[in-house]
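A note on names: the letters A, B, ... follow the listed sequences, proteins ahead of strands, and every chain is numbered from 1. Computed from a predicted model, the values in this text were never measured in an experiment.
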There are 4 protein chains.
Amino acid sequence: MPDKTAPDAARRSQRSRQAICEAALSLVGETGYDKLTIEGIAARAGVGKQTIYRWWPSKGAVLLDAFTETMEAGEGTLPDTGDLATDLKAVLRATVDEFNDPAFQAPYRALYVAMVNDSEVSAGFTSKVMEPGTQAYVDRIRAAQDAGEVSEDIDPRLAAELILGPFAQRWLLRSQPLTHEFADSLVDMALTGLRPRNPRA
Amino acid sequence: MPDKTAPDAARRSQRSRQAICEAALSLVGETGYDKLTIEGIAARAGVGKQTIYRWWPSKGAVLLDAFTETMEAGEGTLPDTGDLATDLKAVLRATVDEFNDPAFQAPYRALYVAMVNDSEVSAGFTSKVMEPGTQAYVDRIRAAQDAGEVSEDIDPRLAAELILGPFAQRWLLRSQPLTHEFADSLVDMALTGLRPRNPRA
Amino acid sequence: MPDKTAPDAARRSQRSRQAICEAALSLVGETGYDKLTIEGIAARAGVGKQTIYRWWPSKGAVLLDAFTETMEAGEGTLPDTGDLATDLKAVLRATVDEFNDPAFQAPYRALYVAMVNDSEVSAGFTSKVMEPGTQAYVDRIRAAQDAGEVSEDIDPRLAAELILGPFAQRWLLRSQPLTHEFADSLVDMALTGLRPRNPRA
Amino acid sequence: MPDKTAPDAARRSQRSRQAICEAALSLVGETGYDKLTIEGIAARAGVGKQTIYRWWPSKGAVLLDAFTETMEAGEGTLPDTGDLATDLKAVLRATVDEFNDPAFQAPYRALYVAMVNDSEVSAGFTSKVMEPGTQAYVDRIRAAQDAGEVSEDIDPRLAAELILGPFAQRWLLRSQPLTHEFADSLVDMALTGLRPRNPRA
DNA sequence: GCGTAACCGAGACGGTACGTCAAGTCTTTGA
DNA sequence: TCAAAGACTTGACGTACCGTCTCGGTTACGC
């Protein structure tokens, strides 16, 4: 006996689910996160509001689902040419281009908002969107460690954050433009560190 | 060139302004950003709604004003004991504690949301809130350069971002807890970089 | 051809409609027409504002509906004792009493205001409220014509107005009190006219 | 002990008074009574709101003042050609034309609303606007009594109402158009009455 | 001829109500 | 049988005015 007349997932209409996700993505691109409404999504999807409320707890959750759907085929690995700096720069430059594309930026920024507000969404976003990307960095760095290109005693995850954190911040704050030069400098600095290579001695 | 019959700032009631800022801060702490309403602020402040709309364009702007007011006395400099790592760790540990304090965290997180949504707020937030803090790091790092503790050819601002970016990211994503250990590791890694200090030694 | 995605009248909640009408009538009696507010009606009726806006275009229209509802059972005929003067006086005296009753007067006066302002309401008021009452007079006068008591060449409708018009004006203007004597005199004068019965000749 | 620090009428600005009256009349013609606002009048007149509140208790009172001002030169008498019917018809036809003029109709209708709502205005309206007009009818009818044209035992004031009441009613209700034919019929019927002139002849 | 007391314009203030929009719940209807 | 359609209550939105108040400035009177 279900506690709350739980919906029967088996009978779920895939057509509706699809339409709702598409509507949510296209609307958030047009109007931004906080003008995104359940009513609007329902109307655009040609669906009753209840169909949304039945399956998602909040508009943030809808957005998260919609977003993850578009990136099913996450390319989980970074290239490995043997030179870590080159590989990281290549990937980060591509990411720069992606985050400068308005069509991609709008829903991503919306998700960020949804996430900061709602720790439910936060968990999903972290594990489904952020984690795969980060893990690819971690793997590549670990490979570099095995090749002796990176010091053994550093934590690869923290190292990944050292690169991705400043990148994300600059994108969020819009404080300075995201450029390829920025990507390159960031990688270089992360690899080298602040301290002089050959201290006095 | 008057934009729209601008209100006369000279006649502005300081009592109201104060009350509105306080109400905004206390409410955002209680209910979170997206349950924060202009009506609620007006009611709590004992003020007509129009008095808010007259002086601020959005609730994000109110929040920004309210927040900046509490940090007028920005501590603009970092300590300088001569050892950069020690100084950065000390400050970052203090920041960790601050960002773990729920009373501080709520309005700050709210501001982040306001900012990601609204590039108007974004600019104000960056220049009034982020910039002073970042600048203190920049100054300290430049001092370290003068002392020969940091390589001459790095950009101090980018270096500051290298530390603050990962920190902000971890706080926003709630992916892992903010601890003193994290602060220390972050500083160490930023100073040293990923590459082995003494390659092939 | 529905103008604007017209609501589906079949699904209309009769409970809400009833409550709104009752609330409107009781409130207008307490506060007068221009202190009557949609918000007040909604609150008193325990109903959302939107439920009012969905079905009525203005507070005048609500009032008109509410008022007509109370007089569904319009007694459409005047007594006919064979003596027109007697019958008219009897009815007009009753009307005097009715219009001196504050409980009746308030909403009626309010409707007058709504009507003078708004020709939409004006038409409804005329056809649903005024017309039935006037028609009863017309019928009785026509009967009197058939009985030879009233001249054949007068227009019964104009005759009805000859009696009701002065009555309504005195009520509206509050210039002099509405009394039974006034009713009697009015009927007498309307029947006899100003001219001497037996002119010189 | 002054009740409310009454303003000093001697120092009143006639320029402002004039401007307010003109603004009130022109605005009520453009927007109707209930869209007429004190703020609007003040703005149009180039006057502070307080200047209105200082001298008038309500917008109805302003309107009444404004209206009476335009009819200072009240034509206090009806023509007397010796034939009452002719004279009454002439005047009533002129009144028909006046009340069909939109420029005149709008403020007059507005005043009616103000009056039905507010018994303060009602008294002023009756005595300053209605009374002079009615009195002219009363005088003319009394003259006709002296000339033997009208029965001695009728009340001239009631007689005046017998004509003016139906006229006002038809104008207010917009139930049927105001025409010269209506004016003529009304006068004829009022003079003759409903009963046959020569019963049983 | 010089305060000084008023009215004046302007408009900010704490409020109320507007008419709209959307949230989230509940009921009716059709396939 | 359940999804759609959509009416319902609730409540915030941003706007328009309310009537009160305070601000300089400008008369115009009384000393």
When the distance from CZ of B/Arg54 to C1' of F/dC17 is rounded to whole Å, what number comes out?
12 Å

Report the residues that fulfil salt bridge (Lys or Arg N to Asp or Glu O under 4.0 Å) with A/Glu39, sequence neighbours left out, ordered by chain and then residue number.
A/Lys49

Rounded to whole angstroms, how far apart are CG on B/Asp8 and P on E/dG9?
18 Å

Starting from C1' on E/dC8, measure out to CD on D/Gln18 and report it in whole angstrom.
17 Å

A/Trp55 vs F/dA3: side-chain N/O to OP1/OP2 distance below 4.0 Å:
no

For nucleotides 21-28 of chain E, just jot down a letter per nucleotide in 5' to 3' order: B, S or -, based on protein non-hydrogen atoms under 4.0 Å.
BSBBBB-B

Does C/Lys59 use its side chain to pair, donor to acceptor, with the backbone of C/Tyr33 at less than 3.5 Å?
yes

Which residues share a side chain to side chain contact (heavy atoms under 4.5 Å, CB included) with D/Ala19, sequence neighbours left out:
D/Ala45

Judged by modelled atom types alone, do D/Arg174 and C/Ser119 share a side-chain donor-acceptor pair under 3.5 Å?
no

If we ignore hydrogens and angles and just use 3.5 Å, is the side chain of D/Arg44 paired with the main-chain N or O of D/Ala24 as donor and acceptor?
no

D/Arg15 CZ - E/dG9 C1' separation (whole Å):
11 Å

Counting just side-chain N and O atoms, does B/Thr51 come under 4.0 Å of either OP1 or OP2 of E/dG14?
yes

Is the backbone N or O of C/Asp65 less than 3.5 Å from a side-chain atom of C/Thr68, with the two atoms forming a donor-acceptor pair by type?
yes

Spacing between C/Arg17 atom CZ and F/dC8 atom P, to the nearest angstrom
12 Å

How many Å lie between CD1 on C/Ile52 and P on F/dC8, as a whole number?
11 Å

Any B/Ser13 side-chain N or O less than 4.0 Å from OP1/OP2 of E/dG14
no

Round to the nearest Å and state the distance from D/Ile41 atom CD1 to F/dA16 atom C1'.
15 Å

Centre of C/Trp55's six-membered ring, under 6.0 Å away, within 45 degrees of the axis: is that where NZ or CZ of C/Arg17 sits?
no

If the cut-off is 4.0 Å, is B/Ser16 near the phosphate of E/dG14, judged by side-chain N/O to OP1 or OP2?
yes

Rounded to whole Å, how long is the line connecting atom CZ of D/Arg44 with atom P of E/dG9?
16 Å

